[in-house]
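Residue numbers start from 1 in every chain, and the chains themselves are labelled A, B, ... in the order their sequence lines are given, proteins ahead of strands.
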Number of protein chains: 2
Amino acid sequence: MANGKRAQGGTARISERLRAAGLRPTQQRRLLAELLFQHGHRHVTAELLHLEAKEAGYPVSLATVYNALHQFTDAGLLQQVIVEPSQSYFDTNIDSHQHFYDEDEGRLTDISAAVCVSGLPQPPKGTKVQRVDVVVRIRRS
Amino acid sequence: MANGKRAQGGTARISERLRAAGLRPTQQRRLLAELLFQHGHRHVTAELLHLEAKEAGYPVSLATVYNALHQFTDAGLLQQVIVEPSQSYFDTNIDSHQHFYDEDEGRLTDISAAVCVSGLPQPPKGTKVQRVDVVVRIRRS
DNA sequence: TTCACTGCAAATGATTTGCAAAGCA
DNA sequence: TGCTTTGCAAATCATTTGCAGTGAA
């Protein structure tokens, strides 16, 4: 259903974006990029994206989904969010931001407010800060 | 809590601590608790603890290590820290605190400074905050 | 004695990889 | 065309589980 019509020029734009990131715009990468980037920011697992591709009538193999997610991440198009020891989430919002994580439902949500972390000490010598992750774990009690 | 006559009567104290947490002080739980709690705060993986037990001349099975770690966590003696999608870390410091995570070496370090997170919005209705995790990812660039 | 706990090995679930076939430049 | 990428299935890796034997109370 998300096929072709939705946003004209979409496919060309997606291809361009992939190419700009140094990735050859193959069919499956285009499809996955479309699912990921055409509808606002998203948080997906490999399994979910795989399912969506299947439902979109264009099945790709799970292995390809994993490969693409990592390639997109390495290319700076995605950010990996680590909240569960057993599953990886990928976030299309690559700006610095924080998350709510619903432990009961396994759902990840962006925190849109400007969160400020103060009082952080200097990192150990010889190292530099790569990223500061803030995860607010919530429960439906 | 870790105060008092720290080193003496270690085994008896460990047994008591386990019992107080509702866990029967079996041989292997005592050993693991000793490795975990007798030498200041620690961050361990199941594999590391398993190795230490073996080196201590008292091998326990990996499955038992996993079971014990989770039982300790459920009993409130440990806290699980999630920084890698592929491996679980357990922290003997159960107070609210933050971590440095060295992505190159896979090493976890407590941040002792008083870190303050401000600007967090209310959690979605129907949920309550369980915990706020802050992980400062560092790299030896 | 009883029942929770342990150990092993097999099961699981997410992720990865090897290699032949297919697609992009 | 040549070199990348895909797809499948088998391989891995950390972790969990089933079940018979062991040990704490």
Side-chain angles (χ1 to χ4, degrees), chain A residues 11-12 14-35 43-51 53-54 56-75 77-78 80-90 106 108, chain B residues 11-12 14-35 43-51 53-54 56-75 77-78 80-90 106 108:
Chain A
T11 302
I14 288 286
S15 293
E16 209 31 63
R17 186 162 181 182
L18 289 175
R19 219 183 304 266
L23 297 169
R24 190 193 281 184
T26 64
Q27 291 182 46
Q28 26 288 293
R29 295 216 267 234
R30 271 202 305 268
L31 170 77
L32 296 175
E34 223 164 277
L35 291 172
H43 302 96
V44 299
T45 60
E47 202 167 356
L48 175 63
L49 191 56
H50 182 232
L51 184 67
K54 186 175 298 169
Y58 199 143
V60 293
S61 85
L62 229 202
T64 299
V65 173
Y66 275 107
N67 289 335
L69 284 173
H70 286 131
Q71 290 153 356
F72 289 2
T73 301
D74 292 343
L77 299 175
L78 289 178
Q80 192 166 4
V81 184
I82 300 170
V83 285
E84 279 287 336
S86 56
Q87 242 185 336
S88 285
Y89 287 77
F90 293 85
L108 209 52
Chain B
T11 303
I14 288 287
S15 293
E16 208 32 62
R17 187 162 179 184
L18 289 175
R19 220 183 303 266
L23 296 170
R24 189 192 283 183
T26 64
Q27 291 181 44
Q28 25 290 291
R29 294 217 266 233
R30 272 203 305 269
L31 170 76
L32 296 176
E34 223 163 278
L35 291 172
H43 302 96
V44 300
T45 60
E47 202 167 354
L48 175 64
L49 191 57
H50 182 232
L51 184 67
K54 186 176 297 169
Y58 199 143
V60 293
S61 84
L62 229 202
T64 298
V65 172
Y66 274 107
N67 289 335
L69 284 173
H70 286 131
Q71 291 153 356
F72 290 0
T73 301
D74 291 344
L77 300 175
L78 289 178
Q80 193 167 4
V81 184
I82 300 170
V83 285
E84 280 287 337
S86 57
Q87 242 186 336
S88 284
Y89 287 78
F90 294 84
L108 209 51

ask   = Hey, is CD on B:Glu47 packed in by over 12 heavy atoms from elsewhere, all under 6.0 Å?
value = no

query = Listed by chain and number, what are the side-chain contact (heavy atoms from CB on, under 4.5 Å) partners of A:Ser86, not counting sequence neighbours?
reply = A:Glu84

query = Between A:Pro85 and B:Ile82, which heavy-atom pair has the shortest distance, and what is it?
reply = CD-CD1, 3.7 Å

Mind listing the N/O atom pairs, protein and nucleotides 13-16 of chain D, below 3.5 Å?
unit_1 : atom_1 : unit_2  : atom_2 : d
D:dA14 : O3'    : B:Ser86 : O      : 3.0
D:dT15 : OP1    : B:Ser88 : N      : 2.8
D:dT15 : OP1    : B:Ser88 : OG     : 3.4
D:dT15 : OP2    : B:Tyr66 : OH     : 2.2
D:dT15 : O5'    : B:Tyr66 : OH     : 3.1
D:dT16 : OP2    : B:His70 : ND1    : 3.3

note = Sorted by chain and number, sequence neighbours left out, side-chain contact (heavy atoms from CB on, under 4.5 Å) with B:Leu48 holds for B:Arg42, B:Val44, B:Thr45, B:Glu52

Would you list the atom pairs, donor with acceptor, under 3.5 Å between side chains in residues 20-29 of chain A and any protein atom, with sequence neighbours excluded?
unit_1  : atom_1 : unit_2  : atom_2 : d
A:Thr26 : OG1    : A:Arg29 : N      : 3.4
A:Gln27 : OE1    : A:Tyr58 : OH     : 2.2
A:Arg29 : NE     : A:Arg24 : O      : 3.0
A:Arg29 : NH1    : A:Gln71 : OE1    : 2.7
A:Arg29 : NH2    : A:Arg24 : O      : 3.3

key: Heavy-atom pair of closest approach, residues A:Leu62 and A:Ala46   = CD2-O, 4.2 Å

task = Using five pairs at either end of the helix from C:dT1-D:dA25 to C:dA25-D:dT1, determine the angle between the two local helix axes and round it to 10 degrees.
result = 30°

Pairing residues for B:Ala63 by the side-chain contact (heavy atoms from CB on, under 4.5 Å) criterion, not counting sequence neighbours = B:Ser61

ring-ring contact (aromatic ring centres under 6.0 Å, His included) against A:Phe90, all qualifying residues, sequence neighbours excluded = A:His70

Atom pairs, N/O to N/O, protein against nucleotides 20-24 of chain D, distance under 3.5 Å?
unit_1 : atom_1 : unit_2  : atom_2 : d
D:dA24 : OP1    : B:Gln27 : NE2    : 3.1

message = I'd like the 5' and 3' limits of the part of DNA chain C contacted by chain A, with heavy-atom contacts below 4.0 Å.
response = C:dA14 to C:dA25

inquiry  = Test of understanding: with ring-ring contact (aromatic ring centres under 6.0 Å, His included), list the residues that count as partners of A:His43, not counting sequence neighbours.
reply    = A:His99

ask   = What integer distance in Å separates A:Asp74:CG from D:dT5:P?
value = 13 Å

request  = Report the residues that fulfil ring-ring contact (aromatic ring centres under 6.0 Å, His included) with A:Tyr66, sequence neighbours left out, ordered by chain and then residue number.
outcome  = none

request  = Compare every heavy atom of B:Thr64 with every heavy atom of B:Leu32, then report the nearest pair and how far apart it is.
outcome  = CD1-O, 4.4 Å

note = By salt bridge (charged side-chain N to carboxylate O under 4.0 Å, His left out), A:Arg19 pairs with (sequence neighbours left out) A:Glu16

